[in-house]
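Below is one structure; the comments refer to it alone.
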Amino acid sequence: MNKNIHVFIVDDNRLLREGLVSMLAEQEDLVVVGAAANGRLALEKIIELRPEVALIDIGMPGKDGIEVTQALHKEAPEVKVIILGMIDLTDEIMACIEAGAAGYVLKEASFTYLVETIRSADRGESFCSPRMAASLFSRIAELAVERMPKLSKSSVRLTAREVDIINLIAEGLANKEIAQRLFIETQTVKNHIHNILDKLQLHNRLEAVEFARQRNLLKKQP
Amino acid sequence: MLSEVIKSMVEHQPDMEVVGEVLDPIELLIAVREIMVDVVLIAPMKDTGEPRICRQLLTENPMLKIMTFSAEGKAAFLYQSDSPTMRIDEPSEHSILTTIRKSMQHIVDDSLRTV
């Protein structure tokens with residue numbers, strides 16, 4: 001026989017709190033061990049009762065859901081926190097995850113979805129909607145891009161032609177002059193410069209020259 | 001979730017019955033025209049002002065009682081054509097059910113129908 005999952009509910013919305021207590025109590029595998037209307041009281045009771053799962057409203061007066069989650073992560077890390085949120089803002093979801101939440105459920109979600117999230121959290125899994133997963137992937141992609149320049153600049157390889165072009169830029173030549181010097185079209189020079197800036201994640205020609213100078217790619221002027 | 005909580009609350013009352021559930025105001029207008037309804041519960045509302053749908057419903061059904069809930073659950077409002085709007089702060093299951101029952105006291109039939 002499966003063990004019961006002990007649940008604690010924190011929400012300052014009395015109707016929702018009372019309603020969830022009643023509805024969750026009807027689930028065979030769930031036992032509601034308590035409920036609180038504010039974060040401070042909730043923290044005391046959750047640390048005392050040690051339920052498997054705590055449902056915590058994100059927006060409460062005084063100590064909000066994220067603060068309670070952070071405190072619980074420190075004081076009672078075995079308690080799985082599911083945040084009840086009003087909007088699916090990526091930053092808000094990320095803040096909850098960073099605070100130690102195991103799940104994030106919108107209040108507009110269905111009761112069935114909430115129950116599944118509680119069961120998943122108890123199993124040590126993170127249950128999230130496709131929309132929420134998309135938000136998280138989007139945020140992770142942003143973070144990856146922020147990290148990319150540092151990683152890529154050190155490993156990027158410029159072609160001999162690209163190094164020649166940077167050297168000519170360093171000499172102060174314009175695109176047309178570089179084209180004449182290398183016997184190529186001006187548009188080709190522009191393409192090379194575009195590729196250089198793209199590879200190095202730089203914004204202008206001067207930054208490219210500085211990059212080359214730092215890596216001793218500039219030829220000594222006669 | 002709040003809608004399901006409210007629906008569950010009503011379903012558990014021996015003198016009340018949920019006769020319908022709709023997702024938008026147009027559907028609500030049609031449902032109330034087609035089904036015998038005593039009380040309409042609308043949840044949750046983004047602002048606390050009287051929704052236009054209430055005026056329309058009360059014009060068409062002067063005996064109807066309409067209860068709306070604010071999005072944050074901080075307040076509930078009972079709209080009826082023969083009395084001023086009643087506000088319930090920090091509504092609970094008890095206060096909502098009591099308010100609905102009181103508003104329906106003059107109805108002989110002891111069975112409430114809600115949508």
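None of the values given here were measured: they were computed from a predicted structure. Below, chain A is the first sequence line, B the second, and so on; all start at residue 1.
Here the shortest heavy-atom pairing between Leu15(A) and Val5(B) reads O-CG1, 3.6 Å. Scanning all heavy atoms of the two residues, the minimum distance from Pro91(B) to Arg14(A) falls at O-CB, 3.7 Å.
When heavy atoms are compared at a cutoff of 4.5 Å, Ser8(B) approaches chain A solely by way of its side chain, counted from C-beta outward. Interface residue Leu20(A): backbone and side-chain heavy atoms are both found under 4.5 Å from chain B. For Asp57(A), no part sits under 4.5 Å from any heavy atom of chain B, backbone or side chain.
Between Lys107(A) atom NZ and Ser3(B) atom OG the span is 12.5 Å, to the nearest 0.5 Å. To the nearest 0.5 Å, the span separating CG on Leu16(A) from CZ on Phe69(B) amounts to 12.0 Å.
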Can Leu114(A) and Met1(B) be said to form a side-chain contact (heavy atoms from CB on, under 4.5 Å), step by step? CA-CA 9 Å; Leu114(A) 176 68; Met1(B) 215 177 284; 3.8 Å; yes
Given Lys74(B) and Asp12(A), is the side-chain contact (heavy atoms from CB on, under 4.5 Å) satisfied, shown in steps? CA-CA 9 Å; Lys74(B) 300 286 181 199; Asp12(A) 61 334; 2.6 Å; yes
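Surrounding CD of Glu48(A) are more than 12 heavy atoms belonging to other residues, nucleotides or ligands, all under 6.0 Å away. Heavy atoms from other residues, nucleotides or ligands lying under 6.0 Å from CD of Glu90(B) number more than 12.
Considering only heavy atoms from C-beta on, Ser110(A) comes within 4.5 Å of Glu4(B) through its side chain. Contact of the Met9(B) side chain with the Met23(A) side chain is not registered, since no non-hydrogen atoms from C-beta on lie closer than 4.5 Å.
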